[in-house]
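Since the structure comes first, as structure tokens, the remarks are kept for the end.
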Amino acid sequence: MELPADVPLGSAYDPRGVRQRFDLTGSSRISVPMVIDLEEGSALWTDIHLPPAGGYHSVAVHSARLGLIARHLFERYADAGRVTLWDLSVWHAAARTDDVAVLRRTTGVADRKDPDNSPGPGRSGEVWTYRRAADETRASFAARIRTGGVPDSRTPAEDTDATAARTAAGKHVLLCLVDGTAAPHGATGALYRLYPGPVDAVPGLRRLAAGDLVAALETGAAAPAPDDGGSVAVSGGPYPQ
């Protein structure tokens, strides 16, 4: 499970505050459900089942081997070269429209030493707007957005959620968000969000799963939206992998 980044450290646990839950099921008696990086304050969900014959039931005896498993898992699944949901969102954005808005919050990762500097719904930041130039290919446009290249305009935002809602209000959009806290009034089109929020109540937005973003890349597949030159707003990733 994951708690919102803006919850103060040391605060009382409340099950209602959980944003994402993982149920661990299986017949295995020895499992490595997750790997925790104490230095970075991050976790990698693995759901690995180990055979009892190897003696992995004793963490003290086999700590070195378990550590090797953890390292290999991080190298395999946390590699920056792997495609992320941020990449998928940007590819769709650049392919569907010439006008893309990216929401960039104050920071990109939770700061455990200074929780007040951690990202969270409503925090200040900027909206970077990208407009495809007449001589700019779709691939180059996508690369400029994905790598945080120079935008065509930068707008300060005291409340990024409110700014995102105004940006997409009344438009036909593809809205890709980490937190579903921006609810654009009157928007139509498609929505992918990692965590639920008020955006789920916008009637004109059709919900997409991560698999839908992948499937739509297949040749001949229907575009999620927009496909008529409408606007696209994506959150300031990178998304969790």
Side-chain angles (χ1 to χ4, degrees), residues 4-6 19-20 84-108 118-134 136 138 141-142 144-146 148-213 216 222-240:
D6 56 349
R19 298 195 301 175
Q20 193 171 38
T84 66
L85 288 169
W86 165 249
D87 297 327
L88 289 173
S89 299
V90 170
W91 291 342
H92 280 291
R96 311 304 180 204
T97 185
D98 295 335
D99 189 2
V100 178
V102 178
L103 315 179
R104 300 180 64 91
R105 301 188 190 278
T106 303
T107 58
S118 297
R123 287 198 178 275
S124 62
E126 292 183 325
V127 175
W128 288 18
T129 301
Y130 292 88
R131 297 182 178 87
R132 189 172 74 92
E136 190 174 24
R138 294 287 176 183
F141 185 42
R144 181 160 64 100
I145 300 170
R146 190 182 67 82
V150 178
D152 295 280
S153 66
R154 297 172 59 172
T155 305
E158 289 297 324
D159 185 327
T160 50
D161 293 323
T163 303
R166 289 193 298 270
T167 300
K171 298 178 181 178
H172 190 56
V173 300
L174 168 61
L175 195 62
C176 299
L177 302 169
V178 175
D179 295 287
T181 45
H185 178 72
T188 60
L191 160 71
Y192 169 79
R193 53 83 176 143
L194 182 61
Y195 299 117
V199 71
D200 294 342
V202 177
L205 295 176
R206 177 172 56 89
R207 281 275 304 281
L208 298 174
D212 296 323
L213 295 177
D227 53 8
D228 57 358
S231 297
V232 176
V234 296
S235 69
Y239 293 89

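Numbers here simply count residues along the sequence, with the first being 1.
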Restricting to non-hydrogen atoms, name the atom on [X] and the atom on [Y] that form the minimum distance, rounded to 0.1 Å.
X	Y	result
Ala142	Val90	O-CG1, 3.4 Å
Leu175	Ala182	CD2-O, 4.4 Å
Gly149	Trp128	O-CZ3, 3.8 Å
Glu126	Pro156	CG-CA, 4.2 Å

Nearest-0.5 Å distance that lies between atom [atom1] in [X] and atom [atom2] in [Y]:
X	Y	atom1	atom2	answer
Glu136	Phe141	CD	CZ	6.0 Å
Arg138	Arg96	CZ	CZ	9.5 Å
Thr160	Asp179	OG1	CG	9.0 Å
Leu177	Leu85	CG	CG	12.0 Å

Between [X] and [Y], is any pair of side-chain heavy atoms under 4.5 Å apart?
X	Y	value
Val199	Pro184	yes
Leu103	Thr163	no
Val173	Leu205	yes

**Q.** For Arg131, side chain to side chain contact (heavy atoms under 4.5 Å, CB included) partners two or more places apart
**A.**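 Once residues adjacent in sequence are excluded, the partners of Arg131 under the side chain to side chain contact (heavy atoms under 4.5 Å, CB included) criterion are Asp99, Thr129, Asp152, Ser153.
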For the backbone of [Y] and the side chain of [X], can you confirm whether one donor and one acceptor N or O come within less than 3.5 Å of each other?
X	Y	answer
Trp86	Arg146	yes
Arg193	Leu208	no
Arg132	Thr97	no
Tyr192	Asp212	no

